[in-house]
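Here the structure is laid out as structure tokens; the discussion comes afterwards.
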Protein chains: 2
Amino acid sequence: MTEGEVDAASRVAAAVFLWAQPSGRRPGPKPKYTLDGIAEAAIAIADESGLDEVTMQRVAERLGTTKMALYRYVPGRAELDAVMLDTALGAPVVADEAHWRPALMAWATGVHDRAMTHPWIVELVQRPHTPGPRELAWFEAGLGAMVELPLRGGEKLDLLTLLVGHVMSLVRQRDSSGAPEQQLAANLASILATRAELYPWTASAFAEADDDGARDDALRFGVERVLDGVASLVAERAASSSSHS
Amino acid sequence: MTEGEVDAASRVAAAVFLWAQPSGRRPGPKPKYTLDGIAEAAIAIADESGLDEVTMQRVAERLGTTKMALYRYVPGRAELDAVMLDTALGAPVVADEAHWRPALMAWATGVHDRAMTHPWIVELVQRPHTPGPRELAWFEAGLGAMVELPLRGGEKLDLLTLLVGHVMSLVRQRDSSGAPEQQLAANLASILATRAELYPWTASAFAEADDDGARDDALRFGVERVLDGVASLVAERAASSSSHS
DNA sequence: CGTTATTGTGTCCATAGGACGCAATTAGTG
DNA sequence: CACTAATTGCGTCCTATGGACACAATAACG
């Protein structure tokens, strides 16, 4: 297939694999490679040429071995993806900010930075999967930033989802800055130019945005909006609870 | 590859194809199938079995023909995706709401509904691509809902991105309600149970969320937060501009 | 030192997308 | 009313990918 999905069984298998601890070995030859080494190689390829170029073949070539040798370390492609993701995520940034607002902003920025370093992360993260240790750690950090925030558990989870969704959208956009992607933008521009009467608001919004120059604060803008929204919810609740008591 | 990406050239080609108007034909046999019919078949397969199951082969089988026959109507797989997407999106909902707030809420809900009907849309929309006519129409509708909103063009675009990102995240989550996906959730639960001390906030947030029962208003919650944020930005600007004049 | 699990890797297969070629078909044209 | 030429349906063939299997070489352990 051209891309993207994996069957359910593989997804579960990948999760189990990710959380399995290294079993001490006994007999047999010493492993010539390591899981980390393989992950690194795969990540390097993804960084250079995109996730599509990551095939067992290429990873093997990069390590100077053959495709099938890898299967001794990684059960399959799905597991490779899982390992790549959890490796590339790295440890979460720990904000020592006391207040939830700057803490969440720092968290979102941290996620954004990581994702920008390895844009293919977006694809993997948004694919249905069970989070690995590192990914859960990020989650944990995000929730930690919200301890002081008077929201219900489900709401906090939703909030993180909202922020992550926003960050990932932006990374997708910014990753599309390569030469070939510019052509897509150019395409859209010429389409809009031709049918401006069909899409008046769109045409003018883009025109206006171009005039503004490249606003580089889309991340901040979005996060601020969300956090403002949270703030007003909190304020509203505080008001209604005090008037009730 | 397992899934997901398409090379840049294909993406551009797909866009051109999408916006090309049907050329009047002259000689030759009458086409036995139609582009719409093919799109419908592909969409049906995607709805039933997921995007991965959509192969030229299967689409052809469904139409009672052979794979290669389809290539007379569709240049390639990338173009098929593009057509599927733009067809499944359909016409945007038109909210007659005057105020931007209910209008945007209606818009977001509309996007959510469409995406829930064909969950694979999420994958295609978030892939780098040039929007087709229908997709642009949705965009246009979203911008139209914001006419009264005193924001700059770039900000409006960012806002739509933010909302779409949120909606798509939710659809991804909700689409994961099938039996196999439940296993992923179960997996996560057992992981959290085992290492609750490593991820305390996460564990408790999930526990709390479970107690609340399935909150079905994640969509509303997120959108409200964003719109609240927009409202406070607008209020803030109104205040500072009036104090400056 | 033999037993046995484990590693590296070659061979073989199915499925995907897609290039090419060619016969059958039919809108215009003289 | 043929004749020309474009266009359709579709069989054949090729390449890449993930992956199952088989098997010999290797090394820990009793």
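Below, chain A is the first sequence line, B the second, and so on; all start at residue 1.
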Worksheet entry | Any A/Tyr33 side-chain N or O less than 4.0 Å from OP1/OP2 of C/dT7 | no
Worksheet item: Has A/Arg58 got a side-chain N or O lying under 4.0 Å from the OP1 or OP2 atom of D/dT17?
Response: yes
Worksheet item: What pairs with A/Arg62 under salt bridge (charged side-chain N to carboxylate O under 4.0 Å, His left out), at least two apart in sequence or on another chain?
Response: A/Glu48
Worksheet, complete the sentence: Hits for salt bridge (charged side-chain N to carboxylate O under 4.0 Å, His left out) against B/Arg72, two or more places apart or cross-chain, chain-then-number order -> none
Interatomic distance, [X] [atom1] vs [N] [atom2] [rounded to whole Å]:
| X | N | atom1 | atom2 | value |
| --- | --- | --- | --- | --- |
| A/Asp52 | D/dT17 | CG | C1' | 12 Å |
| A/Ile38 | C/dG8 | CD1 | C1' | 12 Å |
| B/Leu70 | D/dT8 | CG | P | 13 Å |
| A/Lys30 | D/dT26 | NZ | C1' | 10 Å |
| A/Leu35 | C/dT7 | CG | C1' | 15 Å |
| B/Arg72 | C/dG18 | CZ | P | 15 Å |

Side chain of [X] - closest among [options]:
| X | options | answer |
| --- | --- | --- |
| B/Pro27 | C/dT7, D/dG9, C/dA27 | C/dA27 |
| B/Lys32 | D/dT17, D/dC10, C/dT9 | D/dC10 |
| A/Thr66 | C/dT9, D/dT17, D/dG11 | C/dT9 |
| B/Thr65 | D/dC10, C/dT7, D/dT8 | D/dC10 |

Worksheet item: Would A/Gln126 and A/Arg172 satisfy side chain to side chain contact (heavy atoms under 4.5 Å, CB included), going step by step from the backbone distance to the final call?
Response: CA-CA 11 Å; A/Gln126 296 195 327; A/Arg172 280 204 141 98; 2.3 Å; yes
Discussion item. Assess, by modelled atom type and distance only, whether the side chains of A/Asp52 and A/Trp120 contain a donor and an acceptor separated by less than 3.5 Å.
Written reply: no
Show the atom names and distances, to 0.1 Å, of all donor-acceptor pairs under 3.5 Å that link a side chain in residues 134-145 of chain B to residues at least two apart or in another chain.
unit_1, atom_1, unit_2, atom_2, d
B/Arg134, NH1, B/Asp86, O, 2.9
B/Glu135, OE1, B/His129, NE2, 2.8
B/Glu135, OE2, B/His129, NE2, 3.1
B/Trp138, NE1, B/Leu89, O, 3.3
B/Trp138, NE1, B/Gly90, O, 3.1
B/Glu140, OE1, A/Trp201, N, 3.4
B/Glu140, OE1, A/Thr202, N, 2.8
B/Glu140, OE1, A/Thr202, OG1, 2.5
B/Glu140, OE2, A/Trp201, N, 2.8

Indicate every side-chain donor-acceptor pair of residues 31-40 of chain A with a distance under 3.5 Å to a residue at least two apart or in another chain.
unit_1, atom_1, unit_2, atom_2, d
A/Tyr33, OH, A/Thr65, OG1, 3.3
A/Thr34, OG1, A/Gly37, N, 2.9

Do any N or O atoms of the protein come closer than 3.5 Å to N or O atoms of nucleotides 19-21 of chain D, and which pairs are they?
unit_1, atom_1, unit_2, atom_2, d
D/dG19, OP2, A/Arg77, N, 2.7
D/dG19, N7, A/Lys67, NZ, 3.0
D/dG19, O6, A/Lys67, NZ, 2.8

Practice prompt. With sequence neighbours left out, write down each residue that passes ring pair (Phe, Tyr, Trp, His ring centres under 6.0 Å) with B/His112, or none if nothing qualifies.
Written response: none
